[in-house]
Amino acid sequence: MLVKEVMKTQLVTLNDDSKLGFANDIMYLGRIRHLPVVRGENVVGILTQRDLYRASLTSILTNWKENNEFLDSIKVSEVMTKQVVTISPDATIEEAAQIMIDKKVGALPVVREKNKLIGLITETDVLQFFVDESKKKK
């Protein structure tokens, strides 16, 4: 099966000038762990829950209000992962799984020519695919 058959196409994205406080709220409320960062339609980064935690660690000794103020003062572009590992919609699920294992990432933005974002495939999507396939064989 191909990535384009499993990927999510209804995505929440951020602009690179968005503030971390805004990103934190989106991730918390939407229970989202990976947010593609775009400029126009093109992927320029990805913000992960790990990136957000790493940024928050610098203010860990402060209280909740001060932490939120701190996050509101930082742009996503300052902490996002800039070397984004992406995948083609025509790649196989097995290829996506192998890339995630090899690169130790939990999500791959799915892009067409020139990094145009068209979807996202996560480790959960891949695991669900393999579980579904396994059930079919029983």
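Below, each value reflects all heavy atoms present in this structure, side chains not excepted, and no hydrogens, waters or symmetry copies.
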(message) Are more than 12 heavy atoms, taken from residues, nucleotides or ligands other than K19, located less than 6.0 Å from that residue's NZ atom?
(response)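 Atom NZ in K19 is crowded, with more than 12 foreign heavy atoms closer than 6.0 Å.
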(message) Can you confirm whether E5 is buried at CD, in the sense that more than 12 heavy atoms of other residues, nucleotides or ligands lie under 6.0 Å from that atom?
(response)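 More than 12 heavy atoms, drawn from other residues, nucleotides or ligands, come within 6.0 Å of this atom.
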(request) Evaluate the side-chain hydrogen bond (donor to acceptor under 3.5 Å, both in side chains) criterion for residues D125 and T122: first the C-alpha distance (whole Å), next the side-chain angles of each, then the deciding distance (0.1 Å), finally the verdict. (result) CA-CA 5 Å; D125 300 326; T122 67; 3.2 Å; yes
(request) Find out whether V126 and V6 are in side-chain contact, i.e. whether some heavy atom of one side chain is under 4.5 Å from a heavy atom of the other. (result)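 They are not in contact (no side-chain heavy atoms under 4.5 Å apart), so the answer is no.
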(request) Evaluate the side-chain proximity of V37 to T13: yes if any heavy-atom separation is below 4.5 Å, no if none is. (result)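 When only atoms from C-beta onward are counted, V37 and T13 do not touch, as no gap falls below 4.5 Å.
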(request) Check whether any side-chain N or O of D132 sits under 3.5 Å from a backbone N or O of F129 as a donor-acceptor pair, and report yes or no. (result) no
(request) Applying side-chain contact (heavy atoms from CB on, under 4.5 Å), name anything that partners T9, two or more places apart in sequence or on another chain. (result)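 T9: side-chain contact (heavy atoms from CB on, under 4.5 Å) contacts with M7.
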(message) With a 4.0 Å cut-off on N to O distance, would you call E133 and K136 a salt bridge?
(response)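 A salt bridge links E133 with K136.
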(request) Indicate whether the side chain of D51 and that of T48 have a donor and an acceptor atom separated by less than 3.5 Å. (result)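 Their side chains do contain a donor-acceptor pair, which is all the 3.5 Å distance test asks for.
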(request) Verify the cluster assignment for M80 and V84: are they in a single hydrophobic cluster under the rule of side-chain heavy atoms below 4.5 Å apart? (result) no
(request) Identify the two heavy atoms, one from P36 and one from H34, that lie closest to each other, and give their separation to 0.1 Å. (result) CD-O, 3.8 Å
(request) Just do the side chain to side chain contact (heavy atoms under 4.5 Å, CB included) check on V76 and D16 with the steps written out, would you? (result) CA-CA 5 Å; V76 166; D16 57 352; 5.6 Å; no
Let me have the donor-acceptor pairs involving side chains of residues 88-95, under 3.5 Å, with sequence neighbours excluded, atom names and distances please.
from : atom 1 : to  : atom 2 : distance (Å)
S88  : OG     : D90 : N      : 3.0
D90  : OD1    : K4  : NZ     : 2.8
T92  : OG1    : E95 : N      : 3.0
T92  : OG1    : E95 : OE1    : 3.2
E95  : OE1    : T92 : N      : 2.6

Please list every donor-acceptor pair under 3.5 Å in which a side-chain atom of residues 102-118 meets a protein atom from a residue at least two apart or in another chain.
from : atom 1 : to  : atom 2 : distance (Å)
D102 : OD1    : Q98 : NE2    : 2.8

